[in-house]
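In this text, all values refer to a predicted model and were calculated from it rather than measured experimentally.
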Amino acid sequence: MRKVYLDNAATTPVDKRVLAAARPYFSQRFGNASEPHLWGQEARRAIETAREKVADFLGAKPKEIIFTSCATESINLAHKGLLEAKLREFQNPKSQIPKKLHIITSSVEHKAVLETCKHLEKLGWAKVTYLPVDKYGMVRVSDVKQAIRPETILVSVMYVNNEVGTIEPVAEIGKVIKGINRSRRASHSPPLYFHTDATQAIQYLDCEVDKLGVDLLSLTGHKFCAPKGIGALYVRSGVPIVRQQDGGEQERGLRAGTENVPGIVALGEAIGQVQRSTFQVQNRVKELRDRLIDGVLKISGTKLTGHPTKRAPHIASFVIEGVEGEAMLLLLSDKGVAASSGSACTSGVLGPSHVLTAMGISAEVSHGSLRFSLGKDTAGEDIDYVLKVLPGIVVQLRKMAPAA
Ligand code: PLP
């Protein structure tokens, strides 16, 4: 049986060249980068080379890159670290910081952002506005503008939605924030900071931080062929962050804990490869995605979710009438195909996806959600195979579904 992996938005295989670059740092060059001896210095040099690669990709300075364990950690550090820094400033009686800090985010963020925001609300550190989205899952720039108040300290909007692939208007929001900061500077008010969760964007979109106008950017290696357990946070020079993990002075004192040297080397190699390859890979993946979309939409009762054109090259997402997403995944898996469904099974209860709900899709319809996410090695034959097996699975499941 053919095996077709179309769940690259969940995780990607480690690239062979990435593995080869990281391998010596497990048992040959295994030093602790904080030590002054030869072994330590070798590890230190490898970390700094990887930092330069990540910085180069983002159009940033190496000292603006903090290595973490994943995007979730980067997001937590960005949000909590910034809020804590601002609250500390607030304790200074001369400070201009407003008493109640305010965050703006969108209702379609990954849980890593939503749960962090909820936590900050619970702590009483901030009030949070969760912006609605349009039917394609896109945030309206006008809504961001309207939601900004004098006490707003952080706007956090993802670059690419992981469930439906919609590309959010991050650069446009960045421009709005720039304008706000010009007037804030004139009135000596504290600046507004902009964070983006770029987890699903790194492999396919331009992530230069100045073009996006972001102050903070989170990423995770395993979405672009580096291993799991390594991520990074970009922190623009001058953005105040308090570390959220106490201990040693690693990562400029912002992230304590002995560095994951093989992971960092792998991240640097993987991001370098993305930088060298993008255009061709992007177009090939996009073409295959469109072929998949056209094919799936030929099945009756199927609809594309997310924006029809402003979508990341690797994500094709649908709702399929009269079938249960989870059941579809199991039958696809029986045929050797890995895909994903938006409905999250939490504590045994199948809940509708918060993203599809925010897009105005009913719980009933969203239970039939299906996401295919392509990778740089997806082949045309993979798409042909999926289009061959999927119609039969849909028919089979519709036959089994209880009559309405
Ligand atoms: N943000 C987005 C958009 C994601 O897709 C994911 C992973 O699925 C994350 C954050 C979290 O990544 P990690 O689990 O590597 O921290």
Student: If I take atom CD1 from residue Ile75 and atom SG from residue Cys117, how far apart are they, to the nearest 0.5 angstrom?
Tutor: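 It is 9.5 Å, given to the nearest 0.5 Å.
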
Student: My understanding is that only one of Thr68, Ile66, Leu233 makes a side-chain contact (heavy atoms from CB on, under 4.5 Å) with Glu73; could you say which?
Tutor: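 Going through the options one by one, the only one that passes is Thr68.
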
Student: Locate the shortest heavy-atom distance separating Tyr234 from Leu58; write the atom from each residue and the value.
Tutor: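 Heavy-atom minimum between the residues: CB-CD1, 4.0 Å.
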
Student: Strictly distance-based, threshold 3.5 Å: is any side-chain N or O of Ser74 a donor or acceptor partner for the main-chain N or O of Ser218?
Tutor: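 Looks like no, no N/O pair under 3.5 Å.
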
Student: Run the salt-bridge test on Lys118 and Glu115 with the 4.0 Å N-O cut-off and return the result as yes or no.
Tutor: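 Counted as a salt bridge, because a side-chain N and a carboxylate O are separated by less than 4.0 Å.
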
Student: Determine, for Glu168 against Lys310, whether the closest basic-nitrogen to carboxylate-oxygen distance falls under 4.0 angstrom.
Tutor: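 No, this pair does not count.
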
Student: Using the side-chain contact (heavy atoms from CB on, under 4.5 Å) rule, take His314 and Gln200 through it: C-alpha gap first, then chi angles, then the decisive distance, then the call.
Tutor: CA-CA 9 Å; His314 64 306; Gln200 294 291 346; 3.1 Å; yes

Student: Do Arg255 and Gln250 have a side chain donor and acceptor closer than 3.5 Å?
Tutor: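 Side-chain D/A pair, Arg255 to Gln250: absent.
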
Student: Under the criterion side-chain contact (heavy atoms from CB on, under 4.5 Å), I'd like the reasoning laid out for Tyr193 against Lys86: C-alpha separation, chi angles, the key distance, then a yes or no.
Tutor: CA-CA 11 Å; Tyr193 298 103; Lys86 284 290 157 185; 3.7 Å; yes

Student: If you measure from the Lys or Arg side-chain nitrogens to the Asp or Glu carboxylate oxygens, is any gap between Arg236 and Asp210 under 4.0 Å?
Tutor: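 Salt bridge present between Arg236 and Asp210.
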
Student: Would you compute the distance between atom NZ of Lys388 and atom CD1 of Ile383 and round it to the nearest 0.5 angstrom?
Tutor: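 With rounding to 0.5 Å, NZ (Lys388) is 14.0 Å from CD1 (Ile383).
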
Student: Please report the closest heavy-atom contact between Phe194 and Val170, naming both atoms and the distance.
Tutor: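 Here Phe194 and Val170 meet closest at CE2-O, 3.4 Å.
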
Student: Closest approach of Ser187 and Ser189, non-hydrogen atoms and distance?
Tutor: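 Shortest heavy-atom contact: OG-OG, 2.9 Å.
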
Student: Would you give me the side-chain donor-acceptor pairs under 3.5 Å for residues 136-150, sequence neighbours excluded?
Tutor:
| unit_1 | atom_1 | unit_2 | atom_2 | d |
| --- | --- | --- | --- | --- |
| Arg140 | NH1 | Asp143 | OD2 | 3.3 |
| Arg149 | NE | Glu151 | OE2 | 3.0 |

Student: Enter the distance from Leu212:CG to Glu172:CD here, rounded to the nearest 0.5 Å.
Tutor: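 Answer for the CG-CD pair, Leu212 versus Glu172, is 10.0 Å.
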
Student: Between the side chain of Arg398 and the main-chain N/O of Val323, is any donor-acceptor distance below 3.5 Å?
Tutor: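 Judged by distance alone, no pair lies under 3.5 Å.
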
Student: Which pair of heavy atoms, one from Thr12 and one from Phe224, lies closest together, and at what distance?
Tutor: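 Looking at all heavy atoms of both residues, the closest pair is OG1-N, 3.6 Å.
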
Student: Using atom types as modelled and distance alone, determine if a side-chain donor or acceptor of Asp7 lies under 3.5 Å from a backbone N or O of Ala338.
Tutor: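 No; judged by distance alone, with no hydrogens or angles, the pair does not exist.
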
Student: Check for a donor-acceptor pair, side chain of His110 on one end and backbone N or O of Val113 on the other, with a separation under 3.5 Å.
Tutor: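 Pair absent, no side-chain N/O of His110 close to backbone of Val113.
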
Student: Would you say Lys223's side chain and Ala10's backbone share a donor-acceptor pair under 3.5 angstrom?
Tutor: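 Yes.
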
Student: Tell me whether Glu321 at atom CD has more than 12 heavy atoms from other residues, nucleotides or ligands lying less than 6.0 Å away.
Tutor: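 No.
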
Student: What do the steps show when you test Asn181 against Lys178 for side-chain contact (heavy atoms from CB on, under 4.5 Å), and what is the final call?
Tutor: CA-CA 5 Å; Asn181 278 335; Lys178 223 176 189 173; 5.9 Å; no

Student: How many angstroms lie between SG in Cys225 and NZ in Lys16, if you round to the nearest 0.5 Å?
Tutor: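 It comes to 11.0 Å.
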
Student: Considering non-hydrogen atoms only, spot the tightest contact between Cys70 and Thr220 and give its length.
Tutor: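 Closest heavy-atom pair between Cys70 and Thr220: CA-OG1, 3.6 Å.
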
Student: Which is it for Asn260 and Phe67 under the side-chain contact (heavy atoms from CB on, under 4.5 Å) test, yes or no, and what are the steps along the way?
Tutor: CA-CA 9 Å; Asn260 169 6; Phe67 290 116; over 6 Å; no

Student: Testing the 3.5 Å rule here: is there a donor-acceptor pair between the side chains of His307 and Thr166?
Tutor: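 His307 vs Thr166: no donor-acceptor pair found between side chains.
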
Student: Is the closest side-chain heavy-atom distance between Ile264 and Ile230 below 4.5 Å?
Tutor: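 In contact.
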
Student: Within the distance-only criterion (no hydrogens, no angle test), does the side chain of His354 pair as donor or acceptor with the backbone N or O of Glu109 below 3.5 angstrom?
Tutor: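 Yes; judged by distance alone, with no hydrogens or angles, the pair exists.
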
Student: Check this for me: does any side-chain nitrogen of one of Glu52 and Lys61 sit under 4.0 Å from a carboxylate oxygen of the other?
Tutor: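 Lys61 and Glu52: not salt-bridged.
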
Student: With a 6.0 Å cut-off (strictly less than), is the heavy-atom count around CZ of Arg2, excluding the residue itself, greater than 12?
Tutor: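 Yes - once you tally the heavy atoms of other residues, nucleotides and ligands closer than 6.0 Å, there are more than 12.
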
Student: Measure across Leu219 and Thr199 and return the closest heavy-atom pair with its distance rounded to 0.1 Å.
Tutor: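 Closest approach of Leu219 to Thr199: CA-OG1, 4.4 Å.
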
Student: I'd like to know if Glu251 pairs up with Arg243 as an ion pair, taking the criterion as any Lys NZ or Arg NE/NH1/NH2 lying under 4.0 Å from an Asp or Glu carboxylate oxygen.
Tutor: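 Looking at Arg243 together with Glu251, the answer is no, because their closest N to O distance does not fall below 4.0 Å.
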
Student: Are the side chain of Ser353 and the backbone N or O of Val355 linked by a donor-acceptor pair below 3.5 Å?
Tutor: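 Yes; judged by distance alone, with no hydrogens or angles, the pair exists.
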
Student: Donor-acceptor pair, Tyr385 side chain versus Lys335 backbone, under 3.5 Å?
Tutor: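 Yes, because the side chain of Tyr385 sits within donor-acceptor range (under 3.5 Å) of the backbone of Lys335.
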
Student: Above 12 or not: heavy atoms from other molecules or residues under 6.0 Å from CD of Glu364?
Tutor: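 No - once you tally the heavy atoms of other residues, nucleotides and ligands closer than 6.0 Å, there are 12 at most.
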
Student: Can Thr378 and Arg284 be said to form a side chain to side chain donor-acceptor pair (under 3.5 Å), step by step?
Tutor: CA-CA 9 Å; Thr378 301; Arg284 207 179 57 80; over 6 Å; no

Student: Got a donor-acceptor contact below 3.5 angstrom from the Ser107 side chain to the Leu131 backbone?
Tutor: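 At least one qualifying donor-acceptor pair exists.
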
Student: For the atom pair CD1 (Ile271) and CD (Gln275), what is the distance rounded to the nearest 0.5 Å?
Tutor: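 Between atom CD1 of Ile271 and atom CD of Gln275 there are 8.0 Å.
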
Student: Using 4.0 Å as the upper bound for N to carboxylate O, is an ion pair formed by Arg45 and Glu48?
Tutor: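 Result for this pair is no, no salt bridge flagged.
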
Student: Between Arg371 and Ile315, is there a donor-acceptor pair closer than 3.5 Å when you use the side chain of the first and the backbone of the second?
Tutor: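 Not confirmed, Arg371 side chain does not pair with Ile315 backbone.
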
Student: In plain terms, say whether Glu84 and Arg88 are close enough for a salt bridge, that is, a side-chain N and a carboxylate O under 4.0 Å apart.
Tutor: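 Counted as a salt bridge, because a side-chain N and a carboxylate O are separated by less than 4.0 Å.
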
